[in-house]
**Student:** 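The structure under discussion is supplied below as structure tokens; questions concerning it will follow.
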Amino acid sequence: MLLRINHPEIPLKRYTTLLPSQLMDNLHSLAEQFQGLRFVHANSTATGGGVAEILQSLVPFMNTLGLPTERIVVSPEDPQFFQVTKRIHNLLQGSSGSLSRDELEVYFQCMERVAEDIKGRGLEASVWFFHDPQLLPLAMLLPKKKDELRFWVCHIDLTAPNAETLDVLTPLTSYYDGLAFSMNEFVPDGVLGHYPVYITPPSIDPLTDKNTAMSRNEALEIVAAMGVDPDRPLVAQVSRFDYWKDPWGVIDAYRQAKESVPELQLALLGLSQAADDPEALGVLHSVTDYADGDPDVHAYFYPEGLPASIDRIVNAFQTASLVVLQKSTREGFGLTVTEAMWKGQPVIGGNVGGIRMQIEDGSSGFLVNNVSECGERIVQLIQDEDLRLKMGKAARERVRQKFLLPRLALDYLNAVRLTLPRSTPDSPFSVNGKGNPFDSLEQLYPNGTVSSGKW
Ligand code: UDP
């Protein structure tokens, strides 16, 4: 039920050359202040999806900075747990309906067992980060120790949540010392003013196999081995098969674009990895039916017999495509957008949630509101190589400035610093009253939430 994951050390110096100056210095000085603290990040799946992706880089990064950090994966054995938490995820992103008494019982009973397990193993930390709604009840269920800080980090799109579900879950946030959301727009009114709220948009690790530069030739070889014709134009969406990622809309946009670019091919890459996503297979079946046997629509789900690692395959599709799509209708952040932008690709993204935070419409990519806009932008970008190159360059620079891993590590550490008791003036953690708690990057939103930058 509880899995502890060990990660290797990583070469910190290699980040320095990629980042805006000062960031690594700020990180090192905060890390020095935090000597003696122990951190734990907990989430519900070891691989698959954005949170696992973030933690598998963040945890070794923190350890290499000299801050002992452990990752635990909480994965209740009851198969109903992930059915229920997927429902919670969908409701919080705006589905209609409500949680039944039975569903709530499964949710709380599973979390009670997890809390017992954590207590039984004597797991301790100075700072806990519990990620996403799956683990939200844990702060209520684990007795709070002296000098311990607990954060809840919510990665999902709460722009228009199902009000009834939000009302049921919001009281659980009151057991935390601080909350973190990916965007100011996601912060529910009900949590404001009670405890510190931080805006900590996700980030990608530029040094992984997924994100280091791959030559176009190698990328084309890999996509060819996956059945794509390397000599014809390709557009791709790399995403779990999920209702909110709108794979049907992607197919419609591709069909519209194909009228102008008859050679066009589409890849939908959703290699199954996330144990907490029980709906993916159903969405895959619906999408393949919808593609109606079109030999130029390639949908990938099963992870067996692949020509390279999943990370290299994702990299290859993001590199080999002329345009990358992320036509979501809700999106907590969308690491796939960041990953493609980092590769210098123009991304066409749904004009929602975290995608709006990343793409500046018309300069570092395009935001679209419907299928027809998406289809038009595909054609425009395929036909205009100069525009593709210009946008791709702006996209990469935007990620370099805002969305690389060390910035997220700094955000989390600053959240810790600002949440630690500030009453003693000589405490190493006290925030200089007038000073800038985010080391010159601070933004205080009018609602009182704190962020490290303007997004
Ligand atoms: N991903 C992957 N293989 C796939 C499809 C997606 O490794 O076939 C990864 C993708 O590269 C990204 C993560 O899964 O790192 C998805 O994160 P995102 O924030 O885009 O969406 P989420 O799945 O968390 O909703």
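Indexing begins at 1, ligand by ligand and atom by atom, following the structure's order. We use all heavy atoms of the structure for the numbers below, so side chains are in, but hydrogens, waters and symmetry mates are not.
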**Student:** Could you check atom 23 (O) of ligand 1 against the protein and tell me its nearest heavy-atom contact, residue, atom and distance included?
**Tutor:**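 Its nearest protein heavy-atom neighbour is R240 NE, 2.7 Å.
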**Student:** Any nitrogen or oxygen of D311, side chain or backbone, less than 3.5 Å from one on ligand 1?
**Tutor:**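 No, there is no polar N/O contact under 3.5 Å.
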**Student:** Would you tell me whether N211 and N315 have side-chain atoms, one donor and one acceptor, within less than 3.5 Å of each other?
**Tutor:**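 Short answer, no.
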**Student:** Which residue owns the protein heavy atom closest to atom 18 (P) of ligand 1, what's the atom, and how far is it?
**Tutor:**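 Protein heavy atom with the smallest distance to atom 18 (P) of ligand 1: L335 N, 3.4 Å.
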**Student:** Considering only protein heavy atoms, which is closest to atom 7 (O) of ligand 1, and at what distance to one decimal place?
**Tutor:** K210 NZ, 3.0 Å
**Student:** Can a non-hydrogen atom of H155 be found less than 4.0 Å from any atom of ligand 1?
**Tutor:** no
**Student:** Does R150 make a cation-pi contact with W128, if we ask for NZ or CZ under 6.0 Å from the ring centre and within 45° of the axis?
**Tutor:** no
**Student:** So, R417 and N414: side-chain donor and acceptor under 3.5 Å apart, yes or no?
**Tutor:**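 R417 vs N414: donor-acceptor pair found between side chains.
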**Student:** Can you sort out which atoms of ligand 1 are near T336, meaning under 4.0 Å from one of its heavy atoms?
**Tutor:** 10 (C), 12 (C), 20 (O)
**Student:** I'd like to know if the side chain of D78 pairs up with that of Q109 as donor and acceptor (distance under 3.5 Å, no hydrogens or angles considered).
**Tutor:** no
**Student:** Among I156, I310, T338, L271, which one puts a heavy atom closest to atom 8 (O) of ligand 1?
**Tutor:**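 Among I156, I310, T338, L271, the closest heavy atom to atom 8 (O) of ligand 1 comes from L271.
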**Student:** Tell me: protein heavy atom nearest atom 15 (O) of ligand 1, and distance?
**Tutor:** E339 OE2, 2.5 Å
**Student:** Below 4.0 Å, non-hydrogen atoms only: which portion of L269 touches ligand 1? Side chain, backbone, both or neither.
**Tutor:** both
**Student:** What protein heavy atom sits nearest atom 14 (O) of ligand 1, and how far away is it?
**Tutor:**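 Sorting protein heavy atoms by distance from atom 14 (O) of ligand 1 puts G49 N, 3.9 Å first.
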**Student:** With a cut-off of 4.0 Å, which atoms of ligand 1 are near a heavy atom of G270?
**Tutor:**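 Near G270, meaning under 4.0 Å from one of its heavy atoms, ligand 1 has 8 (O).
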**Student:** Any N/O of K245 closer than 3.5 Å to an N/O of ligand 1?
**Tutor:**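 Between K245 and ligand 1, an N or O pair is found under 3.5 Å apart.
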**Student:** Looking at G334, which atoms of ligand 1 are within less than 4.0 Å of one of its heavy atoms?
**Tutor:**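 The atoms of ligand 1 under 4.0 Å from a heavy atom of G334 are 19 (O), 20 (O).
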**Student:** Among all the protein's non-hydrogen atoms, which is closest to atom 16 (C) of ligand 1, and how far away is it?
**Tutor:**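 Here the closest protein heavy atom is G50 N, 3.7 Å.
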**Student:** Can E397 and Q401 be counted as having a side-chain donor-acceptor contact under 3.5 angstrom?
**Tutor:** yes
**Student:** Quick one: do the Q345 and S321 side chains pair a donor with an acceptor below 3.5 Å?
**Tutor:**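 Note: Q345 and S321 side chains miss the donor-acceptor criterion.
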**Student:** Between R398, K343, Q358, K402, which is the residue that forms a side-chain hydrogen bond (donor to acceptor under 3.5 Å, both in side chains) with T338?
**Tutor:**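 Option passing the side-chain hydrogen bond (donor to acceptor under 3.5 Å, both in side chains) with T338: Q358.
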**Student:** Would you please say whether a donor-acceptor pair under 3.5 Å links the side chains of T159 and E185?
**Tutor:**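 Their side chains do not contain a donor-acceptor pair, so the 3.5 Å distance test is not met.
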**Student:** Under 3.5 Å between some N or O of ligand 1 and some N or O of V51?
**Tutor:**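 So ligand 1 has no N or O lying under 3.5 Å from an N or O of V51.
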**Student:** Would you verify whether the NZ or CZ of R330 falls within 45 degrees of the ring axis of F186 while also being under 6.0 Å from that six-membered ring's centre?
**Tutor:** no
**Student:** At a 4.0 Å threshold, what atoms of ligand 1 neighbour a non-hydrogen atom of V238?
**Tutor:** 5 (C), 6 (C)
**Student:** For residues Y198 and S452, is any side-chain donor paired with an opposing acceptor at under 3.5 Å?
**Tutor:** no
